[in-house]
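Comments concern the structure below.
Just so it is clear: chains get the letters A, B, ... in the order the sequence lines come, proteins before strands, and each one is counted from 1.
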2 protein chains.
Amino acid sequence: MSKAAATRHMILEKAFALIYRKGYQATSLDDILATTAVTKGAFYYHFKSKDEMGLAMINEVLYPGMQRVMIEPLLHATDGVHDIVLMMTRLLYEVPDLEVKYGCPAVNLIDELAASKPEFKNALNKLFQEWKGALSTVLGTSREQGKLNPRVQPGLGAQFIIIGYSGARNLGKLQGSEAYQLFLSELQNYLKP
Amino acid sequence: MSKAAATRHMILEKAFALIYRKGYQATSLDDILATTAVTKGAFYYHFKSKDEMGLAMINEVLYPGMQRVMIEPLLHATDGVHDIVLMMTRLLYEVPDLEVKYGCPAVNLIDELAASKPEFKNALNKLFQEWKGALSTVLGTSREQGKLNPRVQPGLGAQFIIIGYSGARNLGKLQGSEAYQLFLSELQNYLKP
DNA sequence: ATAAAAACATACCGTTTAGTATTTTTTTAA
DNA sequence: TTAAAAAAATACTAAACGGTATGTTTTTAT
């Protein structure tokens with residue numbers, strides 16, 4: 001990677017961390033310049049606006065990072081419901097740099113920007129659509145093996161899991177990781193036969 | 001109500017509508033002054049800062065408004081699970097001025113401000129704690145009558161319902177009211193014996 | 001009717017915001 | 001080695017931000 005490409009990627013990663021903690025609109029350009037030690041000239045050489053940087057941050061940092069912990073663990077799942085619960089447990093408790101009080105970076109951005117920035121919404125929707133597909137596939141296999149609550153249809157179940165994750169991340173901001181424990185427990189209640 | 005009190009309340013109501021659509025930080029004082037036709041002098045006569053207004057808005061507009069649709073319908077519930085599903089259906093589809101793309105005003109503010117403004121967080125937590133209590137009571141009665149899925153403990157079930165609501169409001173911003181339908185259907189799956 | 005207090009209006013302030021114009025430095029390729 | 005292009009630094013702008021100081025109008029109570 002060229003030095004310039006490294007600078008660009010460093011900006012995106014530090015911006016991701018700032019935006020995760022403070023929100024997109026509340027993170028100013030000067031915040032980003034201060035923590036990256038990059039000058040305004042350098043920033044605007046790499047990005048033509050704050051929004052272009054924000055979109056690149058979603059596509060080049062947030063998306064691959066979340067895809068890795070949301071979707072990848074499901075691609076080689078062998079024990080359906082168990083693998084889903086394992087993925088969710090790790091997603092909630094073991095992703096470095098994610099903290100209960102700050103929630104999920106993807107969920108946060110949906111909440112803040114889906115209504116006002118369609119391009120952001122589309123970029124975030126892609127992640128959740130793919131997550132839904134992976135969850136649905138695993139649930140389908142589980143169902144064939146009789147290891148899934150027969151009342152749960154794979155497609156609807158997948159969406160319901162995503163809804164639960166999003167809600168747990170939100171309620172975690174109010175009540176701490178107790179919301180996570182509870183969600184994991186009731187999720188199994190819902191999924192198991 | 002005196003004219004001054006009416007002015008104050010009008011500011012809070014219009015601020016509520018603006019903040020619901022744009023977010024708290026993205027709603028400027030000038031936005032509020034423009035839509036209320038109130039001058040800066042009048043505004044700062046009634047509130048000593050934007051945050052004091054925001055907190056008053058939560059306590060005097062958001063809280064009573066949401067309490068009315070979240071909690072009140074549960075206080076005289078006769079048919080447990082059915083009454084919960086009815087409350088939730090109306091909450092999602094029939095509350096005037098709430099739109100799918102803007103989500104839930106309470107959930108939005110938790111997401112945006114719980115981490116940075118403890119007073120806001122506490123004010124919002126109160127609403128959700130009371131909702132949890134009301135839901136828990138209804139689920140307890142349902143359980144005694146054998147009308148609740150025996151795997152669902154009232155306290156945990158109440159929290160899970162709240163998590164689901166919050167998640168549905170969030171995912172609704174991405175996928176529209178399909179997220180609501182799905183949530184209502186799977187919620188019944190989870191609750192019914 | 002009038003004085004005092006409450007309610008509201010106007011003009012301003014310092015700071016922060018995203019973004020631009022211009023110059024300097026560094027890298028790349030002939 | 002050197003010219004050109006890429007990358008980065010500096011200085012600046014106009015607009016928007018929350019908030020304040022001070023003035024005028026309206027209401028209240030005697």
(message) Any non-hydrogen side-chain atom of B/Arg90 less than 4.5 Å from a side-chain atom of B/Pro73?
(response) no
(request) Grab the CZ-C1' distance between A/Phe43 and C/dT17 for me, whole Å please. (result) 13 Å
(request) With DNA chain C as reference, determine whether A/Gly41 or A/Tyr24 sits nearer its 5' end, using the nearest nucleotide of each. (result) A/Tyr24
(request) Whole angstrom is fine here: how far is it from CG in B/Asp30 over to C1' in C/dT10? (result) 14 Å
(request) To the nearest Å, give me how far apart CG (B/Asp31) and P (D/dG19) are. (result) 14 Å
(request) Go through the structure and list residues passing ring-ring contact (aromatic ring centres under 6.0 Å, His included) with A/Tyr165, not counting sequence neighbours. (result) A/Trp131
(request) Go through C/dA18, D/dA8, C/dT10 for me and flag the one nearest to the A/Thr7 side chain. (result) D/dA8
(request) May I ask you to decide if the ring planes of A/Tyr190 and A/Phe160 are parallel, tilted or perpendicular, using 30° and 60° as cut-offs? (result) tilted
(request) To the nearest Å, give me how far apart NE2 (B/His46) and C1' (C/dA6) are. (result) 10 Å
(request) From the options C/dA9, D/dG18, D/dA11, select the nucleotide whose nearest atom is closest to the side chain of A/Lys40. (result) D/dA11
(request) Please state how far atom CD1 in B/Ile32 lies from atom P in D/dG18, giving the value in whole angstrom units. (result) 8 Å
(message) Could you check whether A/Lys50 makes a cation-pi contact with A/Tyr24, meaning its NZ or CZ is under 6.0 Å from the centre of the six-membered ring and within 45° of the ring axis?
(response) yes
(request) Using atom CE of A/Met53 as one end and atom P of C/dA18 as the other, report the distance to the nearest whole Å. (result) 9 Å
(request) Write down the distance between CD (B/Glu52) and C1' (D/dG18), rounded to a whole number of angstrom. (result) 14 Å
(request) Return the value, rounded to whole Å, for the distance between atom NZ of B/Lys48 and atom C1' of D/dG18. (result) 14 Å
(message) For a quick check of understanding: with a heavy-atom distance under 4.0 Å over all strands, which category does A/Tyr44 fall into, base, sugar-phosphate or nothing?
(response) base
(request) Give one of base, sugar-phosphate or nothing for A/Ser28, where a contact means two heavy atoms less than 4.0 Å apart. (result) sugar-phosphate
